[in-house]
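The structure under discussion appears below in the form of structure tokens.
What you see is a predicted model, and the numbers here were worked out from it, not measured in a lab.
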Amino acid sequence: RRNMILGAILATDSNFDTALPLFTKVKHPEEAVDCELYTAAKTFALAQNFPKAIEIATIAIDRSNEQKCLEIRASCYSTMARFSDARQDYETLARTKPLWASDYLAKEATLLSRMNKPNEALVVAERAVKADPTDCGAQMVKGACLEQLGRYGEAVEVLTITRNLAKKTVS
């Protein structure tokens with residue numbers, strides 16, 4: 001328990017290299033509180049120990065559907081090419097955190113595009129845009145999907161919208 005607490009304190013201060021050996025020594029991570037689990041999962045993910053990051057994040061997710069741990073787990077799944085698992089987490093995030101749905105759906109659409117499923121990717125990208133039409137990231141993913149499908153005229157239109165939204169955001 002002491003290693004988990006000290007590791008969490010160090011990781012909170014971005015001292016991940018020092019926190020990692022402490023988290024590695026923890027025998028019962030299920031006894032930790034959610035914020036400790038999050039910092040441990042983040043530390044393992046940064047150290048590219050994705051299976052351990054997933055294991056720790058899953059404890060917090062099972063306990064309280066912890067948003068940040070779902071994000072970490074989805075990212076780890078994606079990095080490990082476990083795309084269907086990553087998609088499930090992004091769908092859960094989009095459903096349970098509607099204010100951020102466009103971002104999560106855009107990430108899912110990007111996964112589908114990487115899996116060479118451009119039609120499915122476009123459907124999810126359109127859901128992302130519908131969730132927040134002012135999200136230039138979602139618009140950009142939609143444009144990329146249209147380009148991948150060879151629908152260049154539509155892609156140019158959407159990417160022009162993306163550019164205009166980005167200009168507004170910057171100003």
Side-chain angles (χ1 to χ4, degrees), residues 11 14 16 34-35 37-171:
S14 298
F16 299 106
D34 288 350
C35 65
L37 292 169
Y38 163 69
T39 56
K42 181 178 179 180
T43 300
F44 283 114
L46 289 171
Q48 298 185 353
N49 185 342
F50 303 117
K52 190 67 175 177
I54 290 168
E55 174 191 331
I56 299 291
T58 300
I59 295 168
I61 294 163
D62 290 346
R63 187 184 298 165
S64 65
N65 204 27
E66 169 62 35
Q67 177 182 5
K68 292 293 183 188
C69 286
L70 265 164
E71 291 173 359
I72 288 170
R73 189 172 76 176
S75 176
C76 290
Y77 281 149
S78 179
T79 302
M80 296 174 66
R82 292 176 57 183
F83 298 127
S84 63
D85 292 323
R87 282 188 68 193
Q88 278 186 304
D89 281 352
Y90 285 130
E91 281 291 330
T92 299
L93 284 161
R95 187 179 62 256
T96 59
K97 305 295 180 190
L99 289 175
W100 297 96
S102 64
D103 182 52
Y104 298 129
L105 292 170
K107 288 177 181 179
E108 180 182 350
T110 300
L111 284 177
L112 287 163
S113 181
R114 285 176 44 202
M115 295 168 63
N116 202 26
K117 295 182 177 185
N119 290 313
E120 288 179 55
L122 180 59
V123 169
V124 175
E126 287 173 339
R127 287 177 52 213
V129 169
K130 185 176 180 183
D132 183 359
T134 65
D135 181 357
C136 57
Q139 293 279 3
M140 187 170 72
V141 170
K142 179 180 176 182
C145 291
L146 288 165
E147 181 184 10
Q148 187 179 16
L149 287 166
R151 294 164 58 180
Y152 301 114
E154 293 171 85
V156 168
E157 288 177 30
V158 171
L159 292 173
T160 301
I161 292 168
T162 302
R163 188 194 79 204
N164 293 337
L165 286 171
K167 278 183 173 180
K168 285 180 185 177
T169 302
V170 170
S171 66

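- Annotation: the span from I61 atom CD1 to L70 atom CG amounts to 4.0 Å, rounded to 0.5 Å.
- Closest approach of A155 to E147, counting heavy atoms only: CB-N, 3.8 Å.
- Residue A11 comes nearest to T43 through the heavy atom pair CB-OG1, 3.6 Å, listed as atom of the first residue, atom of the second, then distance.
- In this view, K107 and D103 satisfy the salt bridge (charged side-chain N to carboxylate O under 4.0 Å, His left out) rule, not counting sequence neighbours.
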Review item, side-chain donor-acceptor pairs of residues 47-56, under 3.5 Å, at least two apart:
unit_1: N49; atom_1: OD1; unit_2: K52; atom_2: N; d: 3.2
unit_1: K52; atom_1: NZ; unit_2: E55; atom_2: OE2; d: 3.3

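- Residues meeting the side chain to side chain contact (heavy atoms under 4.5 Å, CB included) test with D85, sequence neighbours left out: Y77, R82, Q88.
- Of the options T110, V158, L105, a side chain to side chain contact (heavy atoms under 4.5 Å, CB included) to V141 is made by T110 and by none of the others.
- Listed here is the closest heavy atom pair of C145 and A125: SG-CB, 4.2 Å.
- Rounding to the nearest 0.5 angstrom, the gap separating the CG atom in D34 from the CZ atom in R63 is 5.0 Å.
- The two residues T162 and M140 have their closest heavy-atom pair at OG1-N, 3.4 Å.
- Under the salt bridge (charged side-chain N to carboxylate O under 4.0 Å, His left out) criterion, E126 pairs with no residue, sequence neighbours left out.
- By the salt bridge (charged side-chain N to carboxylate O under 4.0 Å, His left out) test, K68 is found to be paired with E71, residues two or more places apart in sequence or in another chain being considered.
- The distance from atom CD of Q139 to atom CG of L165, rounded to the nearest 0.5 Å, is 6.0 Å.
- With values rounded to the nearest 0.5 angstrom, K142 atom NZ is found 11.5 Å from K130 atom NZ.
- Across I72 and A45, no two heavy atoms sit closer than the pair CG2-CB, 4.1 Å.
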- request: Check the pair Q67 / Y104 against side-chain hydrogen bond (donor to acceptor under 3.5 Å, both in side chains), numbers first and verdict last.
  value: CA-CA 11 Å; Q67 177 182 5; Y104 298 129; 2.7 Å; yes
For residues 95-102, dump all side-chain donor-acceptor pairs below 3.5 Å to protein atoms at least two apart in sequence or in another chain.
unit_1: T96; atom_1: OG1; unit_2: T92; atom_2: O; d: 2.8
unit_1: S102; atom_1: OG; unit_2: D135; atom_2: OD2; d: 2.7

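- Atom CZ in F83 sits 10.5 Å away from atom OH in Y90 (nearest 0.5 Å).
- Between E91 and R127 a salt bridge is recorded (basic side-chain N to carboxylate O distance below 4.0 Å).
- What you find for A86 and S78 is that their closest heavy atoms are CB-N, 3.9 Å.
- Rounded to the nearest 0.5 angstrom, L159 CG and N164 CG are separated by 11.0 Å.
- Residues N116 and Q148 are in side-chain contact: their nearest non-hydrogen atoms beyond the backbone lie under 4.5 Å apart.
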